[in-house]
A.B. asks: 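First the structure, which I've put down as structure tokens, then a few questions once you've had a look.
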2 protein chains.
Amino acid sequence: MQDLSTSPPQLQSIDKAIVDAILSARIQPGARLNENQLATLFSVSRTRVREAMMRLEARCIVTVSPRRGWFVAEPSAEEARHVYGARRIVEYGLLRSMPALSEADRAALHQHLEEERQAIAAGDRQRLTCLMGDFHIRLAEIAGNPVLREVLRDLTARTILISLLYQSEFHALQSHEGHCAIVTALEAGEPEAAAALAIQHLDEVEEGLDLTRRPDPLADLRRSLQPDLEAGLSSLSSMPFTNHR
Amino acid sequence: MQDLSTSPPQLQSIDKAIVDAILSARIQPGARLNENQLATLFSVSRTRVREAMMRLEARCIVTVSPRRGWFVAEPSAEEARHVYGARRIVEYGLLRSMPALSEADRAALHQHLEEERQAIAAGDRQRLTCLMGDFHIRLAEIAGNPVLREVLRDLTARTILISLLYQSEFHALQSHEGHCAIVTALEAGEPEAAAALAIQHLDEVEEGLDLTRRPDPLADLRRSLQPDLEAGLSSLSSMPFTNHR
DNA sequence: TGGACAAATCTTGCATACAAGACTGGAAAG
DNA sequence: CTTTCCAGTCTTGTATGCAAGATTTGTCCA
């Protein structure tokens, strides 16, 4: 994503910037979104920031605590289950009804898988998180239904927040292999098989969550006080979103 | 729905009022939503009206034409196909994974079907439109996934707009029988059959659309100048939403 | 009579101002 | 030393004001 502070304050760029920050895991669930700070950051008035927040709230991506502030959503364990349930249903149906892949589709998917491989090799976890979610959105794009694409885009954003809250361990390789299997099935002209694999894939990912643990209210404090293990990476994306409530 | 002009200006009541008006077909696609009029109607300032519009825009229920105004969405024929495609996928998956009906669920569904019958008998088309959409939302509620319920709520609202734009003839009885069949299959403990019936039902409804005809830009003017055939009904719901652009 | 131009009006886009609730820090009392 | 209360500060909630673009209406000219 481009540098926020220099980007022109185009319409809906605020929404996009925040969603992008979530999709690439540069912004944590529960992070405070201060209206004034965002306004100065985007060189607009609070009015437009608030409008963006309203839109994002309608998409369950941020929540408002009255007279206290806006926060990136922190899906509950129950909500997490529902989001995965919804994804299973949507992606199953999507893949099952998938038309035969065009040459361009195949190339795009292979390109994507290649990027996943590179991110794994480089150990670039932020990029990986982004790619892992994007894979499913690309499938929706190929399926050619923009309505479901929008639905999946929001579900993916929420999924990433869920991962950040509950993921005990991230089996990047396993997920990548799941994606490969889905692509292979699609190429073989077996959408039913691809759909079944998608369910299996989502099951595996959900399996990797620890939905019993309550979100740690001290998480961001803990992170801040710990020696910065990924200093090189995180300093690259110096987002001014504060995580401290 | 309660009378708009006397309802307290609670939070998000504006959103709900407009969505309700759409769900009960008391407001036409393409209808202008004047900020000032809505503000005075709800006894609030334009600020809150605009916030509501932003939320509804994020849900594809209203659109904004820059510096011209807000309008209830007029889904294109292509969008209509995508909405139905999305509904097929979501509802198929939803019903397929439906748990066994509890006694309360059964009662609620039968109650709903009974209301449909009454509306048909009474020839109350507005109420029928509302009930026809509500049936599918209730299924999502029984399925117990609030995420998909929200998705279906918005898809239903868009479906109603589509019907108002493209429906050549409304086979109320056919739709009702489709609903009955679905309920019967669910009661028989055959969610797969219910899912298949839902697809068939949606196919039938989409079949009843004439997606070739372009929306008539003079439709509302035409309506206004024609002798009011349903004067008794439409005068009951004297919504101040203007349909004239 | 028809068309083009221009003024007037209306409506939204955006910023700003003020009010009200929530939080913080410190002082005072037990 | 702990707890409670209160003032100060910060942040959001809401209204309002002004500017800019769009539409409409009325007039003038060919």
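The chains referred to below are lettered A, B, ... by the order of the sequence lines, with proteins before strands, and numbering in each begins at 1.
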A.B. asks: Give the B/S/- string for nucleotides 7-12 of chain C, one per nucleotide from 5' to 3', where a protein heavy atom under 4.0 Å of the base yields B, of only the sugar-phosphate yields S, and otherwise -.
C.D. replies: ----SB
A.B. asks: Atom CZ of B/Arg48 to atom C1' of D/dT12: distance rounded to whole Å?
C.D. replies: 13 Å
A.B. asks: Using whole Å, report how far CZ of B/Phe71 lies from C1' of D/dT23.
C.D. replies: 11 Å
A.B. asks: Is A/Arg88 salt-bridged to A/Glu206, cutoff N-O under 4.0 Å?
C.D. replies: yes
A.B. asks: State, to 0.1 Å, how close B/Asp15 and B/Ala52 come at their nearest heavy-atom pair, and which atoms those are.
C.D. replies: OD1-CB, 3.3 Å
A.B. asks: Is there any ring-ring contact (aromatic ring centres under 6.0 Å, His included) pair reaching into residues 125-144 of chain A, and which pairs are they, with sequence neighbours excluded?
C.D. replies: A/His112-A/Phe135, A/Phe135-A/His179, A/His136-A/His179, A/His136-A/His201
A.B. asks: On a heavy-atom basis, which atom in A/Arg32 and which in A/Phe71 lie closest, and how many Å separate them?
C.D. replies: CA-CD2, 3.7 Å
A.B. asks: Find the distance B/Met53:CE to C/dC14:P and express it as a whole number of Å.
C.D. replies: 17 Å
A.B. asks: State, to 0.1 Å, how close B/Leu165 and B/Pro29 come at their nearest heavy-atom pair, and which atoms those are.
C.D. replies: CG-CG, 3.6 Å
A.B. asks: How long is the span from the CG atom in B/Leu152 to the CZ atom in B/Arg138, to the nearest 0.5 Å?
C.D. replies: 14.5 Å
A.B. asks: Is there a side-chain polar atom (N or O) of A/Ser45 under 4.0 Å from OP1 or OP2 of C/dA15?
C.D. replies: yes
